[in-house]
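See structure below.
These values consider heavy atoms only, across backbone and side chains, with no hydrogens, waters or symmetry-generated copies. Labels below follow one simple rule: chain letters A, B, ... track the order of the sequence lines, proteins then strands, and each chain is numbered from 1.
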There are 2 protein chains.
Amino acid sequence: MTNSTIDRILDAAEVEFAAHGFVETSLRTITTKAKVNLAAVNYHFGSKKGLIQAVTDRFLRPLTQHLHNQLSAYEKQPVQEPSKQQELQVLFTILAHSCQHVAQKNHHSLAVFARLINMAYSQSQGHLRKHLTHQYGASFLYFMKLLRQYMPAMTNEQFFWRFHYLLGTLVFALSSSEALLAICEREYDESRRIDQIMSDLVLVLASAAQAPMIGDQPS
Amino acid sequence: MTNSTIDRILDAAEVEFAAHGFVETSLRTITTKAKVNLAAVNYHFGSKKGLIQAVTDRFLRPLTQHLHNQLSAYEKQPVQEPSKQQELQVLFTILAHSCQHVAQKNHHSLAVFARLINMAYSQSQGHLRKHLTHQYGASFLYFMKLLRQYMPAMTNEQFFWRFHYLLGTLVFALSSSEALLAICEREYDESRRIDQIMSDLVLVLASAAQAPMIGDQPS
DNA sequence: TATTGTTTTAAACATACGTTTAAAACTACC
DNA sequence: GGTAGTTTTAAACGTATGTTTAAAACAATA
């Protein structure tokens with residue numbers, strides 16, 4: 001196994017990045033946990049930045065690919081038109097399943113994903129935002145296009161903001177899920193599963209997407 | 001003016017913390033921008049941790065106090081019972097106004113606030129979470145109590161999750177508002193104001209709060 | 001003015017980090 | 001079995017960070 005070292009580094013880095021972020025985790029803690037020499041990171045990945053890119057690539061590629069496949073299957077299927085709420089739920093469920101799909105093989109990838117998004121929208125990190133949209137943006141734009149169909153009354157600008165509100169809900173849920181699960185278990189001694197949370201989240205997202213605009217009278 | 005140095009440090013620290021986070025900003029950049037000697041931070045605040053605490057205290061105290069006052073005024077006023085949606089909007093508007101109130105005097109405080117919340121829910125930072133809830137939790141618990149009234153059909157556990165979904169929406173909107181405003185202005189050459197965004201956000205939050213539960217049929 | 005207490009300053013300190021180096025160990029192939 | 005290419009290793013390097021120190025500057029009081 002020639003890539004045993006590489007994989008051990010990636011696995012350890014993912015865990016640490018998910019728990020403490022990119023800058024807060026040092027190469028020394030990563031290489032120690034991976035039982036690998038310190039210099040191995042620079043040898044195999046060139047730099048710490050290269051390692052971060054490799055870690056994120058490892059799940060972003062399958063995630064976007066899975067999402068793209070599911071969306072294109074959804075688009076091809078005959079429109080059933082049951083209700084806007086249900087149709088939105090289907091769409092968000094596809095997104096949730098794509099997330100769960102990569103999370104299955106790669107346990108802490110969603111927390112890293114959330115950190116990445118947070119960072120990308122951190123003003124003064126426009127380069128990261130540009131890189132992500134250029135490299136992986138296609139699938140998400142695809143998702144936005146389909147979502148847009150169910151929010152036709154909005155202007156592009158209004159939709160832009162709405163979409164990012166929803167993104168915020170998802171990102172926070174993903175990045176905080178570990179802590180929230182722990183709190184929930186302690187406070188209500190009832191343990192929820194990720195998929196329960198996801199399916200509840202889908203309902204919230206679908207409803208939030210349909211919220212009235214300013215000036216509209218709520219029905 | 002004996003606290004001129006202290007204020008200059010706090011102002012500079014707030015800007016840098018908002019833009020780059022707590023760990024990514026060094027005391028040297030803060031003291032340089034504040035035109036103050038490096039050692040001044042340790043002299044006046046003891047340590048970097050002390051400075052962070054001072055920066056966050058400066059807006060958390062007025063924020064929670066304002067929120068508490070508004071909520072208690074709301075509770076005392078006769079119940080008008082127009083609709084659940086409108087009542088929820090009032091409640092979230094109070095929260096939004098409290099945020100805007102501190103943001104007026106302290107321009108980057110909300111971005112710092114968002115970073116703080118994100119950090120607090122970052123598992124392995126239970127101490128920060130505990131500190132925040134112990135020091136400033138009362139007002140937010142008050143808010144949750146009032147919010148709970150309009151979501152009676154949920155169990156405590158369900159409400160817990162719903163609340164944190166909403167918190168996520170708010171936190172992401174606050175922390176990313178600067179970047180989103182810049183993107184929006186560039187893409188749609190239309191500039192939105194914070195208060196427009198806030199009032200739209202209130203509608204989204206109110207709708208998300210009323211999303212059906214799993215198993216419920218959407219009306 | 002002399003004295004006391006507070007604040008500011010420049011310099012140094014200790015530590016942690018990412019990275020580089022050059023030798024060693026290992027692997028594969030002739 | 002020897003050789004070329006690859007990987008691993010221990011050590012060092014340079015830099016940046018938070019903190020401390022001790023002297024200097026300042027302020028207030030008697």
Q: Decide yes or no for F17(A) and I30(A): does some side-chain heavy atom of the first lie under 4.5 Å from some side-chain heavy atom of the second?
A: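 They are in contact (side-chain heavy atoms under 4.5 Å apart), so the answer is yes.
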
Q.
I want to check something: taking the side chain as every heavy atom from C-beta on, are T169(B) and F172(A) in contact at a cut-off of under 4.5 Å?
A.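 No, side chains not in contact.
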
What nucleotide among [options] has an atom nearest to a side-chain atom of [X]?
X: T5(B); options: dT8(C), dT8(D), dT9(C); result: dT8(C)
X: K48(B); options: dA10(D), dG18(C), dG18(D); result: dG18(D)
X: Y43(B); options: dT6(C), dT20(D), dT7(D); result: dT6(C)

Q) Could you state the interatomic distance from CD1 (I194(A)) to CG (L110(A)), rounded to the nearest 0.5 Å? A) 7.5 Å

Q: Respond yes when some side-chain nitrogen or oxygen of H44(B) is under 4.0 Å from OP1 or OP2 of dT8(C), and no when none is.
A: yes

Q.
Tell me if the CD atom of E16(B) is crowded by more than 12 foreign heavy atoms within 6.0 Å.
A.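 Counting neighbours around CD of E16(B), more than 12 heavy atoms of other residues, nucleotides or ligands fall under 6.0 Å, so yes.
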
**Q.** Neighbours of DNA chain D within residues 26-37 of chain B, by heavy-atom distance under 4.0 Å
**A.** S26(B), L27(B), R28(B)

Q) Atom CD1 of I9(B) to atom C1' of dT9(C): distance rounded to whole Å? A) 13 Å

Could you pull out the protein-nucleic contacts involving nucleotides 22-26 of chain C (nitrogen or oxygen on both sides, under 3.5 Å)?
none

Q. Is any side-chain N of the basic residue among K145(A) and E75(A) closer than 4.0 Å to the acidic one's carboxylate O?
A. yes

